Amino acid sequence: MPELPEVETIVRELRKSAVGKKFWDIESKLDSTFTPDPQTILSKIRGVRILDVTRRAKFIVFVLDQKLRLVVHLRMTGRLMWKKVRGREKHIRGVFVFSDAKSLIFSDTRKFGHIWFGTEKEIDKITGMERLGPEPLSMSEKDFCLVYERKNGILKNSLLRQDLVAGIGNIYADEICYRIGAHPSSRLEALNESKLKALYEATQHCLHQGIEHCGVTLSDFVGTRGTLGKHQKYLKVYGRMGDACYECGTIIKKTRVAGRGTFYCPKCQPVLA
DNA sequence: CCGGGCCTGCGG
DNA sequence: CCGCAGGCCCGG
């Protein structure tokens, strides 16, 4: 569920709250969450300082002293939250304790999330970040259109491909398709130049809006202080099956594209073939 | 390139 | 009590 805007929300919070802290301990509740194993990580990370927190697609990157990196992927249900005195988190997989006694909890109901540790040189390979396409919010219109005009295939499948453009997930893919007025099953090769430019604009718009509203909270996502996202209130199609399209009043439908639940307006989004 | 697997909670 | 929720990987 956390996509680029949700991860960016977490990263912005951590940049304020985690930079400058030194690692002191790692408590693992599920060793398979960590690569390498948590004992090995601990032996190398104790006393190491966080210099910055950045984002690469849906990965959270802790930039550390000594050219070291700690990388977190939340997958579906992962959370990074500061430990509170009251209110305990379920499904804790690991706890990072800092030298100021503050604790950052990684919890994850479905155990899909993962945490890697390594040097600047090895981290791209072990995380798979080396296979990622460019960051959509750093791309020019020209470069973005170039990526997709060379490809064939189904529009939504292509938007979800992290090796083409990295960071778009199921929710924002549907919202982007709605904004350009194309059914998610449309063929990429059916998009003319102006539609491709619209795809660029829609991607920028939807992701920026998501960040602006601190992400979408439909079930799991929360910030590092437990705060909820607000962007779910602004979604035009995702999760709105049976409701009226804001534009034309037609009932929003749900179908299956790319193996995912897919929401669209039958009138505003014709299939382009 | 499609679809199953990973995993748990929850809704029908 | 089954099936769906969807990040990403991988096998066929």
Side-chain angles (χ1 to χ4, degrees), chain A residues 1-11 28-35 55-61 71-80 88-94 105-116 123-136 147-148 150-177 184-189 206-207 210 215-222 229 231-232 235 237-242 252-264 273:
Chain A
M1 188 85 106
E3 305 180 29
L4 187 156
E6 289 73 31
V7 175
E8 179 66 21
T9 300
I10 300 274
V11 164
S28 170
K29 315 281 188 197
L30 182 70
D31 284 3
S32 62
T33 297
F34 299 86
T35 301
R55 180 187 58 73
R56 176 71 175 101
K58 302 172 193 171
F59 291 83
I60 299 161
V61 181
V71 173
V72 178
H73 199 303
L74 304 173
R75 291 286 203 271
M76 298 293 300
T77 54
R79 290 177 169 180
L80 275 179
R88 65 201 173 286
E89 190 67 6
K90 289 177 185 172
H91 310 298
I92 294 176
R93 309 304 176 198
I105 294 171
F106 177 71
S107 70
D108 182 18
T109 309
R110 288 161 72 178
K111 302 181 180 174
F112 291 171
H114 205 87
I115 298 173
W116 300 262
I123 201 73
D124 278 15
K125 194 174 193 71
I126 64 173
T127 57
M129 286 195 294
E130 65 181 2
R131 292 190 295 273
L132 291 174
E135 286 290 323
V147 167
Y148 292 109
R150 287 176 178 163
K151 292 286 170 186
N152 300 325
I154 293 165
L155 172 60
K156 179 166 179 177
N157 299 46
S158 305
L159 289 173
L160 292 173
R161 277 182 56 177
Q162 303 297 300
D163 61 329
L164 297 182
V165 169
I168 300 167
N170 198 41
I171 296 173
Y172 293 92
D174 282 4
E175 294 298 312
I176 291 165
C177 290
S185 297
S186 297
R187 301 294 305 183
L188 209 46
E189 51 272 42
C206 293
L207 296 177
V216 169
T217 300
L218 287 173
S219 53
D220 291 289
F221 173 73
V222 290
H231 192 55
Q232 62 279 5
L235 297 176
V237 284
Y238 188 90
R240 299 195 64 244
M241 180 179 55
I252 302 296
K253 284 196 169 180
K254 184 181 182 182
T255 182
R256 213 157 177 85
V257 179
R260 319 284 172 77
T262 298
F263 301 85
Y264 67 101

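This is a predicted model, so every value here is computed, not measured. In what follows, every chain begins at residue 1, and chains take the letters A, B, ... in the order their sequences are listed.
- A:G259 comes within 4.0 angstrom of no nucleic acid atom, judged by non-hydrogen atoms across all strands.
- Rounded to whole Å, the distance from CZ on A:R79 to C1' on B:dG9 is 13 Å.
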- [ ] Apply the test side-chain contact (heavy atoms from CB on, under 4.5 Å) to residues A:Y148 and A:L155: give CA-CA distance (whole Å), side-chain angles for both, the deciding distance (0.1 Å), then the verdict.
- [x] CA-CA 9 Å; A:Y148 292 109; A:L155 172 60; over 6 Å; no
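- Within the nucleic acid shown, A:N157 comes within 4.0 Å of sugar-phosphate atoms alone, with no base atom in reach, counting heavy atoms only.
- A:A173 and A:L160 get closest at one heavy-atom pair: CB-CD2, 4.0 Å.
- Considering all non-hydrogen atoms of both residues, A:K58 and A:L4 come closest at CG-N, 4.2 Å.
- Applying the side-chain hydrogen bond (donor to acceptor under 3.5 Å, both in side chains) criterion to A:R93, with sequence neighbours excluded, gives no partner residue.
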Open item on the list: Does A:D108 form a side-chain contact (heavy atoms from CB on, under 4.5 Å) with A:T77? I'd like the steps, not just the answer.
Closed with: CA-CA 5 Å; A:D108 182 18; A:T77 54; 2.6 Å; yes
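- Remark: P of C:dG7 and CD1 of A:I60 are 15 Å apart, rounded to the nearest angstrom.
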So which protein nitrogen or oxygen atoms get under 3.5 Å of nucleotides 4-6 of chain B's nitrogens or oxygens?
none

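- Using a 4.0 Å heavy-atom distance criterion, A:F263 is classed as making no nucleic acid contact.
- Counting all heavy atoms, side chain and backbone alike, A:V257 lies closest to A:P184 at CG1-O, 4.1 Å.
- Counting to the nearest Å, the C1' atom of C:dG7 and the NE2 atom of A:H73 are 6 Å from each other.
- Taking A:D124 as the reference, nothing meets the side-chain hydrogen bond (donor to acceptor under 3.5 Å, both in side chains) condition, with sequence neighbours excluded.
- Note on ring orientation: taking the six-membered ring where Trp is involved, the planes of A:Y172 and A:H231 are parallel (angle under 30°, cut-offs 30° and 60°).
- Using a 4.0 Å heavy-atom distance criterion, A:R161 is classed as making no nucleic acid contact.
- Regarding A:Y238, its OH atom lies at a distance of 11 Å from the C1' atom of C:dC4, rounded to whole Å.
- Spacing between C:dG6 and B:dG11 at atom P, rounded to whole Å, works out to 15 Å.
- For the 3.5 Å distance criterion, the side chains of A:H73 and A:T127 fail to qualify, holding no donor opposite an acceptor.
- Atom-to-atom, CG of A:L160 to P of B:dG3 comes out at 15 Å; the value is rounded to the nearest Å.
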Please tabulate the protein-to-nucleotide N/O contacts below 3.5 Å involving nucleotides 9-12 of chain C, giving atom names and distances.
from	atom 1	to	atom 2	distance (Å)
C:dC9	OP1	A:R131	NH2	3.2

Open item on the list: A:T33 vs A:K111, test: side-chain contact (heavy atoms from CB on, under 4.5 Å). Steps then yes/no.
Closed with: CA-CA 7 Å; A:T33 297; A:K111 302 181 180 174; over 6 Å; no
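- With both ends at atom C1', the span from C:dC4 to B:dG4 equals 15 Å, rounded to whole Å.
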For nucleotides 10-12 of chain B, which of its nitrogen or oxygen atoms have a protein nitrogen or oxygen under 3.5 Å away, and what is each distance?
none

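- Here C:dG7 presents its C1' atom at 15 Å from OH of A:Y172, a figure rounded to the nearest Å.
- Checked for salt-bridge contact, A:R56 and A:E135 meet the test: a charged N lies under 4.0 Å from a carboxylate O.
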Task: Strand DNA chain B in bracket notation, Watson-Crick/G-U under 3.5 Å with | for pairs to another chain - done: ||||||.|||||
